[in-house]
Protein chains: 2
Amino acid sequence: MNNPAGNAAMSQRTPFNKPKTARGEATKKAILSAAERVIGARGYNDASIGQITSEAGVAQGTFYIYFKTKEEVFSELVLEMGRLVRHTISDATQAISNRLEAEQAGLTAFLEFVQAHPDLYRIVQEAQFVDPDAYREYYSAFAEGYRSGLTEAARDGQISQGDPDTRAWALMGIARALGEQIVVFGNKAPITDLVDTAYDLIANGLKP
Amino acid sequence: MNNPAGNAAMSQRTPFNKPKTARGEATKKAILSAAERVIGARGYNDASIGQITSEAGVAQGTFYIYFKTKEEVFSELVLEMGRLVRHTISDATQAISNRLEAEQAGLTAFLEFVQAHPDLYRIVQEAQFVDPDAYREYYSAFAEGYRSGLTEAARDGQISQGDPDTRAWALMGIARALGEQIVVFGNKAPITDLVDTAYDLIANGLKP
DNA sequence: TCGAAACATGAATACTGATTCATGTTTCAT
DNA sequence: ATGAAACATGAATCAGTATTCATGTTTCGA
């Protein structure tokens, strides 16, 4: 879609209609939460406003007090997922100075998060088609943090040399694929097993 | 004799309404090709039957001579992508007995394919939401081939030990992420650069 | 306490777009 | 050469659902 007046440092996307009262705050939260469940379960297009408001226990028109369109509630969910998952991983890796250890801890935290929030995970994936801008923002913010971490680690000799951008995408691809195993394919293997194998691959490669 | 439901090991999904004449064959091909372009460009939901038939140069009703529903044409495109991409990679790796070399060649072939067929690539990704069964079939067929190759290579000592399933998903995740860079994020880096970095990671890992 | 702003309702609107169908036209085996 | 099957047409149908709106109800600061 169009991005008029695209300020570079614009992180916030027009958070209008902020509720003014506690009651409104609660209602908006209820709608967002219902939307997460309904859209996560049925997908964006099969989820109707009626289902969402009914699940939230409010009238259909109430939806439009807090969201301008159906797409807007979706975007907010993608934003929320971005904040939550970055926060989660940051928490899990903050204290770890060794990059490879941080890699392992971050991957574990990510997989635990998606296991706990499968609806949010699916929504982010679907954003690729429903709201490409939100998807790009989510993904780019992630990649940027990853890249700078890898650059630093390579400078400090903690890891070998190699293009940090490509490496960041590859590592994110691994995390995504394992997350998909859990959420989409219903893989029941313990997360530690997945992480152990993946970490060995990331650290040592396939060579004998 | 020509029993359409004949073969025992047929996991294929009812390829009914096969055209009976050359004319019909050509029309169906035109619709499929138009659908690939229109759905690839606008996404499944924003693509209308009218756009597809108009692009194909036939009347709207003609669509339903060859496809029972809108979803059916989508499924056929996913199937086609699966066939094409497996064939492409198989061709590129057939003659290579060393697994690591095959990995490199296969990744290159895959990325070249998605660069040449961005519409098909997007359609497969969207299948996750539009036709989960088709998506699962596509992905599983891929993973199975991957896994058996890794199992063999580990047995022969060409690569180190490690759970082949998890490794297969991780490697597919890398390939997908790089494909997405090219198709979705418009990354213009030469494929060989991407492959060089990714291959080094796959072969040697991040350890210094 | 009061009234203006915020919030809530749900029926009515408005529009899109998939699918059908009655009616022609073309193909091809005989 | 011929007629039955296959193919083609595009206007009409039909259902779903996002969004609006006129009308209440609740909140909360002054």
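The analysis underlying the following values was restricted to heavy atoms, covering all of them including side chains, and did not include hydrogens, waters or symmetry mates. Below, chains carry the letters A, B, ... as their sequence lines are ordered, and counting in each starts from 1.
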Rounded to whole angstroms, how far apart are [atom1] on [X] and [atom2] on [N]?
X: A:Glu25; N: D:dT27; atom1: CD; atom2: P; result: 15 Å
X: B:Lys20; N: D:dA8; atom1: NZ; atom2: P; result: 14 Å
X: A:Lys28; N: C:dA6; atom1: NZ; atom2: P; result: 15 Å

**Study point:** Exercise: do A:Arg122 and B:Gln128 side chains pair donor with acceptor under 3.5 Å
**Key:**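 On atom types as modelled, these side chains do not qualify, holding no pair under 3.5 Å.
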Exercise for review: Output all residues satisfying salt bridge (Lys or Arg N to Asp or Glu O under 4.0 Å) with A:Glu55, sequence neighbours left out; order by chain, then residue number.
Suggested key: A:Arg37
Review point. Under 4.0 Å between a side-chain N/O of A:Thr21 and OP1 or OP2 of C:dA6, yes or no?
Key: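 A:Thr21 to C:dA6 OP1/OP2: no side-chain N or O under 4.0 Å.
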Practice item. Between protein and nucleotides 16-26 of chain D, map the contacts as a letter string: B base, S sugar-phosphate only, - none, heavy atoms under 4.0 Å, written 5' to 3'. Key: --SBB-----S
**Study point:** Partners meeting side-chain hydrogen bond (donor to acceptor under 3.5 Å, both in side chains) with A:Asp46 (sequence neighbours left out)
**Key:** none
**Study point:** Under 3.5 Å donor-acceptor, B:Tyr146 side chain and B:Ala141 backbone
**Key:**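 Checking the backbone N and O of B:Ala141 against the side chain of B:Tyr146, no donor-acceptor pair under 3.5 Å is found.
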Check your understanding: Under 6.0 Å from the CZ atom of B:Arg42, do we count more than 12 heavy atoms belonging to anything else shown?
Key -> no
Review point. Is the ring centre of B:Tyr44 less than 6.0 Å from the ring centre of B:Phe129?
Key: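 No: the rings miss the under 6.0 Å criterion.
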